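Heads up, the thing below is written out as structure tokens.
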Amino acid sequence: MEKFYDDSIRFAGEKIYFAATEKGLFYVGKNVENLQSATHDPEKMSKYKAELLAYLNGESNNFTSPIDLSGTALQLEVFEALKTIPYGETRTYTEIAEQINRPKAVRAVGTAIGKNPLLVIIPCHRVIGKSGKLTGYSGGIPMKQALLTLEKKNLNQFSF
């Protein structure tokens, strides 16, 4: 595996780790085990940190830094669909399955969403259960709620 770098920030009382290769950001999450062979390099990670903090502080609603995303064909298709969910809005797993023209693959879509390596960047926190209930999130339900609350609070700031 090529060399990669990491750093971390805090949000909603949780430590969030993020890592990048020379190609771009490939991980944002809470699992430090994913970063055992990373080189801790705050300077190299400063642009990613600044962008994450701007989002988490309600100063920005998008990400422009490069990403280095990998996954199965289905996962990549689902991740692309997630990127289309507007800031401050939510979609259900069923709606994502329908969006990618796989209406009967709701469970597979849910599994793919659970494999999202770029929490916050690829906004899987915007996916909720059919009943409107907050469901699984690898960052934890409290973090999912905090992200959705942040977006709802700042929605008018970014509306055109």
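Because the structure is a prediction, the values reported are computed rather than measured. Throughout, residue positions are numbered sequentially from 1 according to the sequence presented.
The side-chain hydrogen bond (donor to acceptor under 3.5 Å, both in side chains) check on Glu151 picks up Tyr55, His125, Arg126, with sequence neighbours excluded. Residues meeting the salt bridge (Lys or Arg N to Asp or Glu O under 4.0 Å) test with Lys49, sequence neighbours left out: Asp7. Residues satisfying the side-chain hydrogen bond (donor to acceptor under 3.5 Å, both in side chains) test with Tyr17, not counting sequence neighbours, are none. Partners of Pro142 according to the side chain to side chain contact (heavy atoms under 4.5 Å, CB included) rule, which considers only residues two or more places apart in sequence or in another chain, do not exist here. With sequence neighbours excluded, the residues forming a side chain to side chain contact (heavy atoms under 4.5 Å, CB included) with Ala20 are Leu25, Met45, Tyr48, listed by chain and number. Under the side chain to side chain contact (heavy atoms under 4.5 Å, CB included) criterion, Ala12 pairs with Ala146, sequence neighbours left out. When the side-chain hydrogen bond (donor to acceptor under 3.5 Å, both in side chains) test is applied to Lys130, no partner is found at least two apart in sequence or on another chain. With sequence neighbours left out, Thr64 forms a side-chain hydrogen bond (donor to acceptor under 3.5 Å, both in side chains) with Glu51.
In Gln36, the CD atom is crowded: over 12 heavy atoms of neighbouring residues, nucleotides or ligands sit closer than 6.0 Å.
A donor-acceptor pair is defined here as one N or O able to donate and one able to accept, closer than 3.5 Å; no such pair exists between the side chain of Glu98 and the backbone of Glu95.
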Considering only distance and modelled atom types, tabulate donor-acceptor pairs under 3.5 Å from the side chains of residues 105-123, sequence neighbours left out.
unit_1, atom_1, unit_2, atom_2, d
Thr111, OG1, Arg107, O, 3.1
Asn116, OD1, Leu118, N, 2.8
Asn116, ND2, Ile122, O, 2.8

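Glu43 approaches Ser46 most closely through the heavy-atom pair O-OG, 3.0 Å.
A continuous path of Ile, Leu, Val, Met, Phe, Trp and Tyr side chains, each step under 4.5 Å between heavy atoms, connects Phe26 with Val32, placing both in one hydrophobic cluster.
Counting only residues at least two apart or on different chains, the side chain to side chain donor-acceptor pair (under 3.5 Å) pairs with a member in residues 134-145 are Tyr93-Thr135, Gln145-Thr149. Here salt bridge (charged side-chain N to carboxylate O under 4.0 Å, His left out) pairs that include residues 60-78, with residues two or more places apart or in two chains, are Glu77-Arg102. The salt bridge (charged side-chain N to carboxylate O under 4.0 Å, His left out) contacts involving residues 18-42 comprise Glu2-Lys23, Glu14-Lys30, Glu22-Lys44, where partners must be two or more places apart or lie in separate chains.
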- Would Phe11 and Leu147 count as a side-chain contact (heavy atoms from CB on, under 4.5 Å) if you check the C-alpha gap in whole Å, the side-chain angles of each, and the deciding distance to 0.1 Å? CA-CA 9 Å; Phe11 175 71; Leu147 289 166; 3.6 Å; yes
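For the pair Thr21 and Tyr5, the minimum side-chain heavy-atom distance is 4.5 Å or more. Taking the side chain as every heavy atom from C-beta outward, Thr90 and Val127 never approach each other to under 4.5 Å. Looking at heavy atoms from C-beta onward, Thr39 lies in side-chain contact with Lys3 at the 4.5 angstrom threshold. Between Asn154 and Asn61 the shortest side-chain heavy-atom distance does not fall below 4.5 Å.
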